[in-house]
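First the structure, in the form of structure tokens, and then the observations on it.
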Amino acid sequence: MNNNKTGIITICKKAGKLAVGMDMVKKVCSEGSAAAVFITTDISEKSFKEVRYVCARNSVKLFRLEMTMDDMWYGLGKKAGIIAMTDNGFAKSCAKGLEQIIIDPDEFEF
């Protein structure tokens, strides 16, 4: 696992600026406090579609981390495939060098 990203995620969690799991990510996105959403490489197709919808609806950037849910468990102590950062600085640092997933809003009906 990329230790730099793990460190950023861990510090973000300790600072209370991390939402972990689909329900928490949906909540911070709908409240407008999500700076960016990050997914692991092995989330299910259903979860991927759902998180794309949530990000498109709330105009939140979505990035793919170069780690699995097991890697996330190792770094956070919780197995999760989806996280959101509510701090712009942490989100920008974590997103650096990652693939942004481009979402076509026309793909979804709001």
Side-chain angles (χ1 to χ4, degrees):
M1 173 164 59
N2 185 330
N3 287 333
N4 182 38
K5 302 298 184 207
T6 305
I8 293 167
I9 292 168
T10 302
I11 293 168
C12 187
K13 179 185 176 190
K14 288 180 182 178
K17 302 292 185 179
L18 188 70
V20 180
M22 183 65 81
D23 292 339
M24 291 301 297
V25 168
K26 283 180 177 179
K27 182 178 184 244
V28 296
C29 284
S30 66
E31 291 172 347
S33 58
V37 173
F38 299 87
I39 60 171
T40 60
T41 57
D42 58 347
I43 66 166
S44 71
E45 196 60 39
K46 180 180 180 275
S47 294
F48 181 56
K49 184 176 181 178
E50 190 173 351
V51 77
R52 285 177 40 240
Y53 172 79
V54 169
C55 288
R57 182 178 182 103
N58 297 289
S59 301
V60 178
K61 291 183 179 181
L62 177 63
F63 297 90
R64 184 180 308 276
L65 291 166
E66 296 167 355
M67 60 179 70
T68 65
M69 282 190 257
D70 287 337
D71 294 332
M72 189 71 72
W73 174 78
Y74 177 76
L76 289 176
K78 183 173 183 179
K79 195 169 187 176
I82 303 164
I83 61 172
M85 294 184 177
T86 58
D87 179 87
N88 286 325
F90 285 128
K92 187 176 178 181
S93 293
C94 193
K96 191 173 184 177
L98 294 180
E99 167 197 359
Q100 181 178 350
I101 298 169
I102 305 302
I103 305 166
D104 181 7
D106 296 333
E107 181 180 345
F108 303 101
E109 292 182 28
F110 300 118

I would like to know whether Asp70 and Thr68 meet side-chain hydrogen bond (donor to acceptor under 3.5 Å, both in side chains); could you show each step before the answer?
-> CA-CA 5 Å; Asp70 287 337; Thr68 65; 4.9 Å; no

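- Within 6.0 Å of CD on Glu45 lie no more than 12 heavy atoms contributed by other residues, nucleotides or ligands.
- Closest non-hydrogen pair, Trp73 versus Lys79, comes out as CD1-N, 3.7 Å.
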Test log, rule side-chain contact (heavy atoms from CB on, under 4.5 Å), inputs Lys5 and Leu98 = CA-CA 10 Å; Lys5 302 298 184 207; Leu98 294 180; 4.0 Å; yes

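- Note: Thr41 OG1 to Phe48 CZ = 12.0 Å, rounded to the nearest 0.5 Å.
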Is there a side-chain contact (heavy atoms from CB on, under 4.5 Å) between Met85 and Ile8 once you walk through the steps?
-> CA-CA 10 Å; Met85 294 184 177; Ile8 293 167; 4.2 Å; yes

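- Here the NZ atom belonging to Lys26 is positioned 11.0 Å from the CZ atom belonging to Arg57, to the nearest 0.5 angstrom.
- The heavy-atom pair separating Met69 from Ile43 by the smallest distance is CE-CA, 4.1 Å.
- Here the closest non-hydrogen pair linking Ile82 and Ser47 is CD1-CB, 4.2 Å.
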Criterion side-chain contact (heavy atoms from CB on, under 4.5 Å) on Thr6 and Met67, from CA distance to verdict = CA-CA 9 Å; Thr6 305; Met67 60 179 70; 4.2 Å; yes

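- Neither Phe63 nor Met24 shares a network with the other; the hydrophobic side chains, linked directly or stepwise wherever heavy atoms of I, L, V, M, F, W or Y lie under 4.5 Å apart, form separate groups for each.
- Closest approach of Asn88 to Ala35, counting heavy atoms only: OD1-CB, 3.2 Å.
- Considering all non-hydrogen atoms of both residues, Ala15 and Phe90 come closest at CB-CE1, 4.0 Å.
- With Val51 as the partner, the side-chain contact (heavy atoms from CB on, under 4.5 Å) test is satisfied by one option alone out of Leu62, Ile103, Ile101, Val60: Leu62.
- Phe38 and Val20 fall within a single hydrophobic cluster, where Ile, Leu, Val, Met, Phe, Trp and Tyr are joined by side-chain heavy atoms under 4.5 Å apart, directly or via other members.
- Ring geometry, Tyr53 versus Phe108: the interplanar angle exceeds 60°, so the pair is classed perpendicular (tilted spans 30 to 60°).
- Contact detail for Leu65 and Cys94: the closest heavy-atom pair is CD2-SG, 3.9 Å.
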